[in-house]
Amino acid sequence: MEKVVSGIRPTGNLHLGNYFGAVKSFVKMQEEYDCMFFIADWHSLTTRPKPEDIQQSARIILAEYLACGIDPQKAPIYVQSDVKETLELYLFLNMNTYIGELGRVTTFKEKARQQPDNVNAGLFTYPTLMAADILQHRAKKVPVGKDQEQNMEMARKCARRFNHIYGVEFFPEPQNFYFSEKAVKVPGLDGSGKMGKSEGNCIYLHDDDKTISKKVMRAVTDMGPQTPNSPRPEVIENLFTFLRICSTEETFKFFDEKWNDCTLRYGDLKKQIAEDICKTVAPIRERITEYTSNTDLLDRIAREGAERARESALATLREVRKIIGFRS
Ligand code: ADP
Ligand code: TRP
């Protein structure tokens with residue numbers, strides 16, 4: 001069975017963008033592939049989180065992963081920092097990665113602009129740590145959003161270069177993978193392109209119905225359809241995207257027709273969207289509450305996940321050491 005791996009940084013609670021863009025695919029993929037999912041807590045260090053938050057943030061994401069439907073029997077879930085083997089591979093990969101190519105990564109350039117007084121080596125080598133996360137399991141598929149394409153290209157370069165330098169066919173080149181035909185981008189409700197933590201426009205999986213309703217009702221709109229069958233401006237198309245991902249096809253058609261014959265009232269549309277988002281979120285929210293209060297269970301799942309991840313990483317690392325010339 002093909003191996004799949006993916007991770008999310010524990011920099012805040014999961015929102016609808018994370019769910020529809022990533023975690024929902026994880027849940028589907030665990031049925032068909034040999035999956036592992038992890039919480040990228042080392043990666044979150046590039047922005048210096050508070051020491052007292054580190055373990056709790058990882059637990060929260062773990063509870064949220066489980067609440068979304070990841071089954072640790074099918075797909076182990078682990079915390080990145082529990083698998084120290086990753087660091088050895090990270091070091092080996094760094095030896096074959098050039099500073100020129102790391103400097104060209106857009107996310108690095110962006111972060112360097114955002115935090116000019118803290119352009120650290122961890123930020124610079126973020127892509128090689130990500131490559132180590134993936135290659136240590138010799139994963140072939142990585143479900144991530146479009147924003148991760150450049151990091152994925154670096155992971156493939158690391159695999160190719162290692163194979164080339166040592167004349168082996170050891171690492172497969174990992175491919176970005178979208179479960180649906182196209183990558184889903186969940187828009188913001190504030191008229192901005194993307195729902196994201198740093199955009200501050202998120203509907204969270206732990207939001208209650210009232211909060212969700214309030215956020216949806218505040219969504220940016222315009223004057224309304226003026227001419228029949230006209231294309232929708234971006235802010236309105238964003239609302240329709242929510243219908244596409246959360247509502248039934250009939251509901252989408254109903255509002256699409258109302259747009260086309262200029263009888264659409266945004267209040268009705270928003271009410272429907274809020275209702276359908278609540279339907280998706282409510283059961284997840286209830287399970288988040290259950291899991292969050294069960295720290296023993298969470299810690300056991302993370303421990304078992306780490307054991308399986310270490311086994312897989314160590315098997316790879318033994319071969320890698322041998323290929324490079326060390327004792328395995
Ligand atoms: P955030 O943007 O909130 O900081 P991350 O960058 O940590 O979220 O992303 C974690 C995962 O969720 C990635 O695979 C990313 O592609 C996906 N993701 C985040 N926001 C969205 C969105 N609005 N639409 C689709 N996928 C998203
Ligand atoms: N860079 C990813 C993000 O910001 C998180 C991540 C770290 C990751 N290592 C990974 C994703 C390995 C997939 C595979 O979302």
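Heads up: numbering here begins at 1 and tracks the sequence. In this text, all values refer to a predicted model and were calculated from it rather than measured experimentally. Whatever order the structure lists ligands and atoms in, that order sets their numbers, starting from 1.
Every atom of ligand 2 with a heavy atom of I134 under 4.0 Å away is listed here by number and element: 12 (C), 14 (C). Taking every heavy atom of G21 and a limit of under 4.0 angstrom, the matching atoms of ligand 1 come to 25 (C), 26 (N). Short contacts between ligand 2 and H43, defined as distances under 4.0 Å to a heavy atom of the residue, involve ligand atoms 7 (C), 9 (N). Close contacts between ligand 2 and Y126 involve ligand atoms 1 (N), 2 (C), 3 (C), 4 (O), 5 (C) [criterion: under 4.0 Å to a heavy atom]. Annotation for ligand 2: atoms under 4.0 Å from non-hydrogen atoms of V144 are 11 (C), 13 (C). Applying the 4.0 Å criterion to heavy atoms of R9 picks out, from ligand 1, the atoms 5 (P), 6 (O), 7 (O).
Here's the thing with I8: none of its N/O atoms is less than 3.5 angstrom from an N/O atom of ligand 1. An N or O contact shorter than 3.5 Å links R9 to ligand 2 by distance. Residue contacts with ligand 1: S198 is placed with no nitrogen or oxygen under 3.5 Å of a nitrogen or oxygen of the ligand (distance criterion only). Backbone and side-chain nitrogen or oxygen atoms of G196 are examined, and none is located within less than 3.5 angstrom of a nitrogen or oxygen of ligand 1. By the 3.5 Å distance cut-off applied to N or O atoms, K194 is counted among the residues near ligand 1. On a distance-only criterion, K197 and ligand 1 share at least one N/O pair closer than 3.5 Å. By the 3.5 Å distance cut-off applied to N or O atoms, N151 is not counted among the residues near ligand 2. Considering backbone and side-chain atoms alike, S6 places every N or O at 3.5 Å or more from each N or O of ligand 2.
Within 6.0 Å of the CZ atom in R310, the count of heavy atoms belonging to other residues, nucleotides or ligands does not exceed 12. Counting heavy-atom neighbours within 6.0 Å of K111 NZ, excluding the residue itself, gives a total of 12 or less. Other residues, nucleotides and ligands place no more than 12 heavy atoms under 6.0 Å from the NZ atom of K140. Within 6.0 Å of the CD atom in E31, the count of heavy atoms belonging to other residues, nucleotides or ligands exceeds 12. At most 12 non-hydrogen atoms from other residues, nucleotides or ligands lie less than 6.0 angstrom from NZ of K214.
In terms of protein heavy atoms, atom 24 (N) of ligand 1 is closest to V186 N, 2.9 Å. Protein heavy atom at the shortest distance from atom 19 (C) of ligand 1 is N18 ND2, 3.4 Å. Counting only heavy atoms of the protein, atom 12 (C) of ligand 2 lies nearest to F38 CZ, 3.5 Å. Protein heavy atom at the shortest distance from atom 27 (C) of ligand 1 is G17 O, 3.3 Å. In this structure, the protein non-hydrogen atom closest to atom 15 (C) of ligand 1 is D147 OD1, 3.7 Å. Looking at atom 14 (O) of ligand 1, its nearest protein heavy atom turns out to be G145 N, 3.3 Å. In this structure, the protein non-hydrogen atom closest to atom 15 (O) of ligand 2 is Q148 NE2, 3.6 Å. Of the protein's non-hydrogen atoms, the one nearest atom 5 (C) of ligand 2 is G7 O, 3.5 Å. For atom 9 (N) of ligand 2, the closest heavy atom belonging to the protein is D133 OD2, 2.8 Å.
The shell of residues lying under 4.0 angstrom from ligand 1, judged by heavy atoms, excludes Q148.
Using a 4.0 Å cut-off between a side-chain N of Lys or Arg and a carboxylate O of Asp or Glu, R59 and D299 qualify as a salt bridge. Looking at D256 and R232, a side-chain N of the basic residue comes within less than 4.0 Å of a carboxylate O on the acidic one, giving a salt bridge. A salt bridge is absent between K141 and E32; no separation between the charged side-chain nitrogens and carboxylate oxygens falls under 4.0 Å. Here D268 does not pair with K271 in a salt bridge; the nearest charged N to carboxylate O distance is not below 4.0 Å. Ion pair R244/E237 flagged as a salt bridge, since at least one NZ, NE, NH1 or NH2 atom sits closer than 4.0 Å to an Asp/Glu carboxylate oxygen. Under 4.0 Å is where a charged nitrogen must lie from a carboxylate oxygen, and between K157 and E153 no such pair does.
For T11, no heavy-atom contact with ligand 1 is shorter than 4.0 Å. Contacts of D147 with ligand 2, taken as heavy-atom pairs under 4.0 Å, are absent altogether. Residue V142 touches ligand 2 through its side chain alone, judged by heavy-atom distances below 4.0 Å. Residue contacts with ligand 1, taken as heavy atom pairs separated by less than 4.0 Å, involve H15 solely via side-chain atoms from C-beta onward.
Using a 30° and 60° split on the angle between ring planes, F162 and Y166 fall in the tilted class, from 30° to 60°.
A 4.5 Å side-chain heavy-atom check between K270 and F242 finds every atom pair outside the cut-off.
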Working for side chain to side chain contact (heavy atoms under 4.5 Å, CB included), residues Q136 and V83: CA-CA 10 Å; Q136 67 181 346; V83 183; 4.1 Å; yes
